[in-house]
Number of protein chains: 2
Amino acid sequence: MASEYDDCLLFLLAKAYQRVYGDFKKRMQPHGLTPVQHLVILALSLEEGVSAGELGKRLMLDNATLSGVLDRLSESGWVVKQSSQEDKRSLKLYLTDRARSNLELLKAESDDANRRVLDSFSLEERVIFKRLLKDLQK
Amino acid sequence: MASEYDDCLLFLLAKAYQRVYGDFKKRMQPHGLTPVQHLVILALSLEEGVSAGELGKRLMLDNATLSGVLDRLSESGWVVKQSSQEDKRSLKLYLTDRARSNLELLKAESDDANRRVLDSFSLEERVIFKRLLKDLQK
DNA sequence: GGCTGATAGTTAGCATACGAAATATAGGAG
DNA sequence: CTCCTATATTTCGTATGCTAACTATCAGCC
């Protein structure tokens with residue numbers, strides 16, 4: 001039964017996530033980023049100038065959570081929070097030059113971390129695994 | 001590339017976990033438990049009288065984290081923290097009568113939540129998914 | 001203009017997670 | 001017995017996540 005805690009998806013997903021989070025954490029630490037902050041940088045690199053709300057939608061991240069993450073990224077010099085001229089309630093988010101110049105390095109780290117996680121899976125398993133995980137995104 | 005954040009395992013696992021966590025949260029709320037607290041109860045029901053350290057190993061949970069969870073479970077009347085006679089540094093953990101009498105109900109909720117999560121997966125996919133998740137537990 | 005309801009972000013409160021420091025107790029060497 | 005080291009748990013600091021409450025601003029309507 002799934003009531004055996006170690007067969008429960010809540011448990012399995014928690015531990016899988018925590019393991020991968022830990023891997024990324026070690027890898028991003030030298031760059032001064034947390035795993036989540038690194039995702040924010042990657043997302044922003046795809047399109048700068050978006051609002052916090054828009055970025056939150058793309059990252060499926062709560063506004064309240066993202067607000068704190070953006071504060072820390074701004075504080076540590078990765079992101080610029082510029083309040084929009086057209087709508088003063090809204091922000092326009094940009095990467096700093098330092099963030100841009102570190103982008104390729106970050107992507108390489110991220111790709112490498114992903115490869116290592118999937119290392120023991122067959123090619124087919126990797127495809128299935130990602131598909132099933134995506135299916136779970138409500 | 002996995003550097004597209006939405007193809008990154010860190011992202012996929014985070015969102016899958018958050019989705020399932022949310023499902024369990026809604027389901028456990030009426031019982032006055034959080035998803036993690038519910039896992040602790042299930043684990044304890046398999047063997048009572050274990051120490052916090054032992055329980056932490058089984059749940060792959062940090063001692064520091066578990067300490068807080070046990071405090072809240074004790075506070076809310078689900079768990080009894082009894083300090084061990086043989087080794088006063090150590091705890092012996094027990095379910096309360098109330099916890100025991102709610103066990104079957106909790107297991108039913110948990111099983112149902114698990115079923116719903118896997119609902120859209122084929123039988124084969126369910127097996128593969130769980131296997132791959134277990135493989136990720138370092 | 002001024003009121004009203006909607007929207008963007010922030011803040012506060014709570015519950016995980018985890019590393020590191022602090023506490024209390026065990027256990028063994030001398 | 002006493003000191004030293006190892007172990008069990010707790011506490012502290014930081015970073016997510018989420019809900020709800022709060023603030024500022026916008027947009028439409030009279």
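Between B/F24 and B/H38, the two ring planes are tilted [angle within 30° to 60°]. The aromatic rings of A/F129 and B/F129 sit tilted relative to each other, their planes meeting at an angle between 30° and 60°.
Per the geometry, CG belonging to A/L39 stands 12 Å off C1' belonging to D/dT16, to the nearest Å. A/L91 places its CG atom 12 Å from the C1' atom of D/dA24, with the value rounded to the nearest Å. Rounded to whole Å, the distance from CG on A/D87 to P on C/dT7 is 12 Å. The distance from atom CG of A/L93 to atom P of C/dG9 is 8 Å, rounded to the nearest whole Å. The distance from atom CG of B/L66 to atom C1' of C/dG19 is 16 Å, rounded to the nearest whole Å. At whole-Å resolution of the value, CD in A/E86 and P in D/dA24 are 21 Å apart. Taking atom CG on A/D62 and atom P on C/dT10, their separation rounds to 12 Å, with Å as the unit. One interatomic measurement links the two molecules: CD of A/Q18 to C1' of D/dG17, which rounds to 13 Å at whole-angstrom precision.
Closest to the side chain of B/A64, out of C/dG19, C/dG9, D/dG17, is C/dG19. Across D/dG17, C/dT16, C/dT11, the shortest atom-to-atom separation from the side chain of A/D71 is found for C/dT11. Checking C/dT16, C/dG19, D/dC26 against every side-chain atom of A/K88, the shortest atom distance belongs to D/dC26.
One finds a side-chain N or O of A/Y17 lying less than 4.0 angstrom from the OP1 or OP2 phosphate oxygen of D/dG17. Phosphate contact (OP1/OP2 of C/dT16, side-chain N/O of B/Q37, threshold under 4.0 Å): present. For C/dG9, the OP1/OP2 oxygens have a side-chain nitrogen or oxygen of A/S90 closer than 4.0 Å.
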>> Could you go through B/R116 and B/D23, starting from their C-alpha distance and side-chain angles, then the distance that decides it, and tell me whether this counts as salt bridge (Lys or Arg N to Asp or Glu O under 4.0 Å)?
In response: CA-CA 9 Å; B/R116 275 182 209 267; B/D23 287 355; over 6 Å; no

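Comparing A/N63 and B/S67 against DNA chain D, the residue whose closest nucleotide sits nearer the 5' end is B/S67. When each of A/Q85 and A/R72 is assigned the nucleotide of DNA chain D bearing its nearest heavy atom, the one mapping closer to the 5' terminus is A/R72.
Within the nucleic acid shown, A/K26 has no heavy atom closer than 4.0 Å to any nucleic acid atom. Among the heavy atoms of the strands lying under 4.0 Å from A/S51 are primed sugar atoms or P, OP1, OP2 only; no base atom is included. Among the atoms of the strands shown, only primed sugar atoms or phosphate atoms (P, OP1, OP2) are found under 4.0 Å from some heavy atom of B/T34. No contact: A/K15 has no heavy atom under 4.0 Å from any strand.
Judged by distance alone, with hydrogens and angles left aside, B/R89 brings no side-chain donor or acceptor close enough to the base of D/dT9 to form a pair under 3.5 Å.
A distance-only check finds a donor-acceptor pair linking the side chain of A/E48 to the backbone of A/L95 [under 3.5 Å]. Checked by atom type and distance alone, the side chain of A/K57 never pairs as donor or acceptor with a backbone atom of A/A52 at under 3.5 Å.
Under the 4.5 Å side-chain criterion, counting only non-hydrogen atoms from C-beta, B/T34 is not in contact with B/M28.
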